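For reference, the structure discussed in these notes is given below.
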Amino acid sequence: MRRVNPQKTERKWQKRWAAGKLDQAADFDPRPKFYALVEFPYPSGEGLHVGHPRSYTAMDIICRKRRMEGVNVLFPIGFDSFGLPAENYAIKTKTHPAVTTAANIKNFMRQLKALGLSFDWTRAFATTEPEYYRWTQWIFLQLYRRGLAYRAEIPINWCEHCTIGLANEEVVDGRCERCGGPVSKRTKAQWLLRITVYAQRLIDDLQLVDYPERVRQSQLNWIGRSEGAEITFPMRVNGATPSGALTVFTTRPDTIFGATFMVVAPEHGLISQHAALLKNLDEVQRYVQAARSKSDLERTDLAKSKTGVCLDGLSAVNPATGKEIPIYVADYVLSSYGTGAIMAVPAHDQRDFEFARAYRLPIVPVVANPAGNGAPLTAAYVATQGGTIINSTQFNGLSVTEAVPKITAWLEYRGVGKRAITYKLRDWVFSRQRYWGEPIPLVYCHSDECRNRRLASGENTPGVHMVVLDGREHTVVPISEDQLPLELPKVKRYEPTANGESPLAAVGKWVAATCPQCGGPARRETDVMPNWAGSNWYFLRYTDPENGELLADPAKLRYWLPVDWYNGGMEHTTLHLLYSRFIYKFLWDIGAVPPECGPEPYKKRTSHGLILGEGGEKMSKSRGNVVNPDAVIAEYGADVLRVYEMFIGPFDQPSPWDTKGIIGVKRFLDGVAEYVAWWMSAAKLPEAPDLDQALQTAVLKISEDIEAMRFNTAVAALMIARNALSAARQQAQRASLSQLEAYLLLLSPFAPHLAEELWETLGHKGCDRAHRGSIFAQSWPRYEAAKAQAAAVTVVVQVNGRVRDRLVLPAGTGETEAVVQARQLPNIQRHLAPAAAVRVVFVPDRLINFVTS
RNA sequence: GCCCCCGUGGCGGAACUGGUAUACGCGCCAGGCUUAGGACCUGGUGGGAGCAAUCCCUUAGAGGUUCGAGUCCUCUCGGGGGCACCA
């Protein structure tokens, strides 16, 4: 028998579930709470990807089980609807992003609902709703007020062909994502957030949370803490006149005696400061200019040989040796890491070694290479563990490990160095020269009144309180909070302007603002926030999505936070996941999130693997291997899609789609339906005597597997239990009502529509208005160990570790009895001389191993 | 270069803290039902030898620890992901 039109049944139950309150979370309910979170989708024009149901069904299964366990579950969904695709679509078709976004959200809602996901739809919102982004803007203002948002001239990605600035996400392998053209750097004033202030806390607090090791490692790696020392090298002009100093960061202060030259990054301030002193200024400037116009791709090409120019007329003194050493500018030194300058120790750093070779600079070893025997170096000896210090006066003979603190202390005593910690993490560029994002709620005022007020208050930090626009000082004036949201205006053109400004810069009425402080004319900030802004804090809003006074009621935050379980993609590990931890910590610091919620937003994080196309390639439009969930639902129904996606492979690993594999899941679910129909018609048949054990094994296995996200083996366990029911049926025996009910309960989180339908078939009321009759209002089956106990077990009998026979024994048979029986087995006697056993290894109910040697 | 993950049948993959390797599903083979067909039903299915009982081999490869290794340790090879001139 075939299931007739699963889609119709599924729609029926979806309607009935929606009419009730089964999926809704209850604020302040005395039951234990569980806040489950999945990454809300970007509502793209392509609709839902088959990857979405994998993550969403997984969390749906957990939530349905939790509710059946008597837990008050918050399982919300929303839409992360600002973003580039809507804007690019607008550029192509002149359709306003608000229009496409609304249509896409509608489509996504239809698709999500068709999957039977038990989201609390009453809490849904989109980040593009002004009532929501009002608070995204509010958060920006709080960051600004506390000096954590600032404006700075930084390089942006510039596409020569499109003549627009690109977000980092739009640069793929150093090329423009849209036109494929080369991307170079241009400097532009941008708003940045000081995430670096939180670097250490973002590392430390990883101890407080339950994240997969690979996620933890990635975040640590990305933040990139390095311990070392800052060392100051005095500088001289023409080898004589002292002139300032150059500070470097190094992780190897123990090698300072081997520092034979210094290198600064092309962007280093030293060059402009000392321009007048440089005898080869032209050459230096040419080099700096060339470095600047290079693309990222060229500049970071490791295969490229080292280049640089000596700063002629300027030199430094190695504070350890007292020797005068040259200073170079070279683009292998990055301005954005450490101090943008290094002490070069060519004997013990490969990059410095290559540079020294190319420019014939002295290479002085200061750590003995035990394998080298004093032979000339062919490569740097990077001795981080072993090695003895040489050529370093009083430190000779120390190990590297001993020398690091001793030499640091010595430098510190002499006032030329100190311990220092550096992070790879950079401040977060928070402005985009784009349209479809949250406007940054600031104006620039050049009135005397605002200027005087600024000067009088002493708050005059450039880049925070004051900026220079068109050569003129402007006061930065935040829009008052009661004026939020600052809504996006309508524009005619969505393209960024030719000079890289946001499309908003071309809207005269938008740019010409009134200063909220002095009432005079002011110029509005025209950049918008990146699409991470809305997702930084969305999980807070779910606790109180309608609040018009606060971003969320503290009492509700106290009740629901932290998020108990957050599942998402690995690709967000160093973006959204890190950003939102930072913003959460900030909101917690300023009291917008109550102290009781704790310092971390997500208690537990898990990651799903990608669903790949058939054959293991990534799904993509260009490969033409994209599977549309709508098509799968139309052919097989949502339950088949859900169960298939759970069965496809280990949840945290990538798995290829297999159209043929779906049929196995369809057969399985059809078989369950068919069994129930048969069961109803076979009331006179006797009950099977031994189904309890099979069922209890399933209860234990499935309960554990769901918690551990081993959904593939949970589905296998459901199939095994179904096979046990079928086997009994072949003996003309049926399951008891309670056994069959337990089975449907186990199935229900995976295939909710079918389970609800069959539950009704068994004579329950089904999902009425009060929901009492729904399968989802029942209790999750309890594991009964006594019933799970098998009467007989198969014990493996080995001789010298090789399986020679098997023995069926009553469970719990003791060693003496088991060994006597095992010795009588003919095959054991064949392999074992009667008195030969030297030793017997006995594992109760599992194995006996006779060891003769 | 650094960090992380992974190598098990024709395929996706099972195997709890070392204890029956290949669960479950796909595919394939045989039979059934059917005029026919399979998105149906039943049974079989790692490789080799044997009529058979049974024996040998097998978790990328090579060593090691152990009564016993897919699982632990060392090395080698292969695949994937992330970061990357980070001083």
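Protein chains get the first letters and strands the later ones, always in sequence-line order, with residue 1 at the start of each. Everything numeric in this text was worked out from a predicted model, so none of it was measured.
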Can you confirm whether the side chains of [X] and [Y] place a donor and an acceptor under 3.5 Å from each other?
X       : Y       : answer
S655(A) : R54(A)  : yes
T307(A) : Y287(A) : yes
Q200(A) : Y423(A) : yes
S607(A) : N567(A) : no
T659(A) : E614(A) : yes

Whole angstrom is fine here: how far is it from [atom1] in [X] over to [atom2] in [N]?
X       : N       : atom1 : atom2 : answer
F647(A) : rG25(B) : CZ    : C1'   : 4 Å
I720(A) : rG25(B) : CD1   : P     : 8 Å
M646(A) : rG12(B) : CE    : C1'   : 15 Å
R225(A) : rC3(B)  : CZ    : C1'   : 18 Å
L809(A) : rG19(B) : CG    : P     : 20 Å
Y644(A) : rC26(B) : OH    : P     : 12 Å
K306(A) : rA87(B) : NZ    : C1'   : 12 Å
I663(A) : rC28(B) : CD1   : P     : 12 Å

Should [N] form a Watson-Crick or G-U wobble pair with both distances under 3.5 Å, which nucleotide is its partner?
N       : value
rG50(B) : none
rG68(B) : none
rC40(B) : rG32(B)
rG12(B) : rC24(B)
rC85(B) : none

Expressed in whole Å, how much space separates the [atom1] atoms belonging to [N] and [M]?
N       : M       : atom1 : value
rG13(B) : rU59(B) : C1'   : 13 Å
rC40(B) : rC16(B) : C1'   : 37 Å
rG27(B) : rU20(B) : P     : 30 Å
rA69(B) : rG64(B) : P     : 12 Å
rG81(B) : rG31(B) : C1'   : 48 Å

Out of [options], which has the shortest distance to the side chain of [X]?
X       : options                   : answer
T794(A) : rU20(B), rG25(B), rG19(B) : rU20(B)
T713(A) : rC56(B), rA15(B), rC4(B)  : rA15(B)
D658(A) : rC83(B), rC26(B), rA87(B) : rC26(B)
D331(A) : rC85(B), rC55(B), rC24(B) : rC85(B)
Q730(A) : rG27(B), rU20(B), rU42(B) : rU42(B)
V803(A) : rC4(B), rU20(B), rC55(B)  : rU20(B)
Y636(A) : rA39(B), rG13(B), rG25(B) : rA39(B)
Q217(A) : rA15(B), rC4(B), rA87(B)  : rC4(B)
N221(A) : rC56(B), rC3(B), rC85(B)  : rC3(B)

*asked:* Nearest 0.5 Å, please: how far is OG1 in T422(A) from CZ in F249(A)?
replied: 3.5 Å
*Please work out whether rG43(B) sits syn or anti, treating a glycosidic angle within 90° of 0 as syn.*
anti
I want to check one thing: is the phosphate of [N], taken as OP1 and OP2, less than 4.0 Å away from some side-chain N or O of [X]?
X       : N       : result
N723(A) : rG25(B) : yes
R802(A) : rC57(B) : yes
T422(A) : rA87(B) : no
H831(A) : rU54(B) : no
R710(A) : rC16(B) : no
N712(A) : rA14(B) : yes
R667(A) : rG27(B) : yes

*Residue pair D254(A), R252(A): steps toward the salt bridge (charged side-chain N to carboxylate O under 4.0 Å, His left out) verdict*: CA-CA 5 Å; D254(A) 54 304; R252(A) 295 297 303 278; 3.0 Å; yes
Classify [X] by what it touches in the nucleic acid, base, sugar-phosphate, or nothing, heavy-atom distance under 4.0 Å.
X       : answer
I648(A) : sugar-phosphate
K660(A) : sugar-phosphate
R804(A) : sugar-phosphate
E213(A) : nothing
S226(A) : sugar-phosphate
P650(A) : sugar-phosphate
R214(A) : sugar-phosphate

*asked:* Listing request: all salt bridge (Lys or Arg N to Asp or Glu O under 4.0 Å) pairs with a residue in residues 220-231 of chain A, at least two apart in sequence or in separate chains.
replied: R225(A)-E227(A), E227(A)-R419(A), E230(A)-K418(A)
*Please find out if less than 6.0 Å separates the ring center of W657(A) from that of Y644(A).*
yes
*Any donor-acceptor pair under 3.5 Å from H348(A) side chain to Y381(A) backbone*: yes
*Would you say N849(A)'s side chain and V841(A)'s backbone share a donor-acceptor pair under 3.5 angstrom?*
no
*Assess K306(A) against F355(A): is NZ or CZ under 6.0 Å from the centre of the six-membered ring, and within 45 degrees of the ring's axis?*
no
_Both V796(A) and Q653(A) contact RNA chain B. Which one's nearest nucleotide lies toward the 5' end?_
Q653(A)
*asked:* Need to verify one output field. Residue with the more 5' nearest nucleotide on RNA chain B, R830(A) or S655(A)?
replied: S655(A)
Atom pairs under 3.5 Å, N or O on each side, protein against nucleotides 63-67 of chain B: can you list them with distances?
from	atom 1	to	atom 2	distance (Å)
rC67(B)	OP1	R839(A)	NH2	3.4
rC67(B)	O4'	R839(A)	NH2	3.4
rC67(B)	O2'	N849(A)	ND2	3.4
rC67(B)	O2	N849(A)	ND2	2.5

